[in-house]
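Below: one structure, written as structure tokens.
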Amino acid sequence: DALHPYGYATDQYVWSLISGVGIFFLGCGVSVYHGISGLLAPHEIENVRVGLAVLGLAFLVEGYSFSVALDECRLEAKKAGLTLR
């Protein structure tokens, strides 16, 4: 159909994008609020080791997630006859 070169059901992608961006900005707003309130009324850190353990665990999980995504990108690029540098 010449009037709909991308199909009739592409609006679902637009609404998914709007939803994702909305969630991103909501999280951004909460983070900024939490950061400013922490600067205005600081409190003593109770346990540094727990904080560092959480950061370390987050680093490992994000690293694993990144490696899975990179492997998938390489696989799809190989299927398409492209290279991923």
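Within 6.0 Å of atom CD1 in Ile45, 12 or fewer heavy atoms from other residues, nucleotides or ligands are found, so the atom counts as exposed in its surroundings.
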>> Using the rule given for side-chain contact (heavy atoms from CB on, under 4.5 Å), can you reason through Val14 versus Leu17, listing the C-alpha separation, both sets of side-chain angles and the distance that settles it, and then say yes or no?
In response: CA-CA 5 Å; Val14 173; Leu17 175 66; 5.7 Å; no
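In this structure, Cys73 SG and Lys78 NZ are separated by 15.0 Å, a value rounded to the nearest 0.5 Å. Considering CZ of Phe59 and OH of Tyr64, their distance stands at 16.0 Å, rounded to 0.5 Å.
Judged as a salt bridge (charged side-chain N to carboxylate O under 4.0 Å, His left out), the pairs with a partner in residues 56-76 (not counting sequence neighbours) are, in order, Glu76-Lys79.
Between the side chain of Ser19 and the backbone N or O of Trp15, no donor-acceptor pair lies under 3.5 Å. At distances below 3.5 Å, not a single donor-acceptor pair connects side-chain atoms of Ser65 with backbone N or O atoms of Val61.
In terms of hydrophobic clustering, with Ile, Leu, Val, Met, Phe, Trp and Tyr side chains grouped at heavy-atom distances under 4.5 Å, Leu52 and Leu60 are assigned to different clusters.
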